[in-house]
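Here the structure is laid out as structure tokens; the discussion comes afterwards.
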Amino acid sequence: MNLEQSLFYAFGAVAVGSGLLVVTRRNPVMSALALILNFFCLAGLYLTLNAQLIAVIQIIVYAGAIMVLFVFVIMLLNLRDERALRDGLSVRKVIGAGLTFTLLMQVVYILLTSADGFPAKNETLAVSTGTVEVIGVQLFTTFLFPFEITSLLLTAAIVGAVLLAKRKLD
């Protein structure tokens with residue numbers, strides 16, 4: 001097993017562990033901190049897959065901006081009543097745990113039955129897929145129209161949110 005595979009498995013294990021912490025912690029702030037750790041592990045996974053731009057965007061956008069918004073919402077809500085979080089086992093929790101365990105066992109089976117425990121990949125494709133140049137060329141040539149439509153939709157959504165908020169204040 002080489003260094004790249006070791007890092008991939010380490011980041012994957014920490015990502016799964018921090019993901020479990022996100023859904024099992026009763027304290028929302030601790031859950032948010034575990035989610036930040038999960039985002040950093042995902043960025044590490046992207047780096048092992050040679051997708052540098054996506055890794056940087058993962059850290060800047062999700063671990064930075066989105067998590068600041070999550071923490072602000074948690075602080076503004078000021079959750080005092082945690083009785084609903086302390087309820088015992090429910091049917092949904094048991095079914096969710098069973099499905100999660102089944103999915104985890106399938107992933108372990110696939111990794112153990114593959115040739116070297118790591119899915120084979122095309123090295124030339126992997127090196128050129130996640131670079132800034134390739135994503136930039138694709139974004140501004142092939143996907144220019146969807147990119148512009150998305151920017152118009154986001155602008156319309158921001159204008160709509162401002163109008164709704166202004167109406168609510170009046």
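Since the model is a prediction, treat every value here as computed from it, not as a measurement. Here, residue 1 is the first one in the sequence, and each next residue gets the next number.
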(request) Might you point out which heavy atoms bring L35 and V22 nearest each other, and give the distance in Å? (result) N-CG2, 3.4 Å
(message) Holding to side-chain contact (heavy atoms from CB on, under 4.5 Å), I want the full list of residues that pass it with V23, two or more places apart in sequence or in another chain.
(response) none
(message) In this structure, would L53 and L139 fall into the same cluster of hydrophobic residues linked by side-chain contacts under 4.5 Å?
(response) no
(request) May I ask you to test the Q52-L47 pair for a side-chain heavy-atom distance under 4.5 Å? (result) yes
(request) Look at the side-chain heavy atoms of Ile, Leu, Val, Met, Phe, Trp and Tyr, link any pair under 4.5 Å apart, and say whether I57 and F39 land in one connected group. (result) yes
(request) With the side chain counted from C-beta on, respond yes when L37 and V14 share a heavy-atom pair under 4.5 Å apart, and no when they do not. (result) yes
(request) Under the side chain to side chain contact (heavy atoms under 4.5 Å, CB included) rule, what do F40 and I59 come out as? Steps first, then yes or no, please. (result) CA-CA 6 Å; F40 277 105; I59 291 173; 3.8 Å; yes
(request) Enter the distance from F147:CZ to F140:CZ here, rounded to the nearest 0.5 Å. (result) 4.5 Å
(message) Nearest 0.5 Å, please: how far is OG1 in T150 from CG in L154?
(response) 6.5 Å
(request) With rounding to the nearest 0.5 Å, note down the distance linking CG in L20 to CG in L104. (result) 8.5 Å
(message) So, taking the atom named CG in L45 and the one named CD in Q58, what distance separates them when rounded to the nearest 0.5 Å?
(response) 9.5 Å
(request) Write down the atom of A55, the atom of Y46, and the distance for their closest heavy-atom approach. (result) CB-CB, 3.8 Å
(message) Taking S18's backbone N and O only, do any of them form a donor-acceptor pair with N38's side chain (distance below 3.5 Å, no angle check)?
(response) no
(request) Consider only side-chain heavy atoms of I, L, V, M, F, W and Y, link residues closer than 4.5 Å, and tell whether L42 and L7 are in one cluster. (result) yes
(message) Is the shortest side-chain heavy-atom distance between I135 and E133 below 4.5 Å?
(response) no
(request) With rounding to the nearest 0.5 Å, note down the distance linking CD in Q5 to OG1 in T48. (result) 10.5 Å
(request) Go through the structure and list residues passing side-chain contact (heavy atoms from CB on, under 4.5 Å) with F101, not counting sequence neighbours. (result) M105
(message) Quick check for you: to the nearest 0.5 Å, what is the distance between E4 atom CD and F8 atom CZ?
(response) 9.0 Å
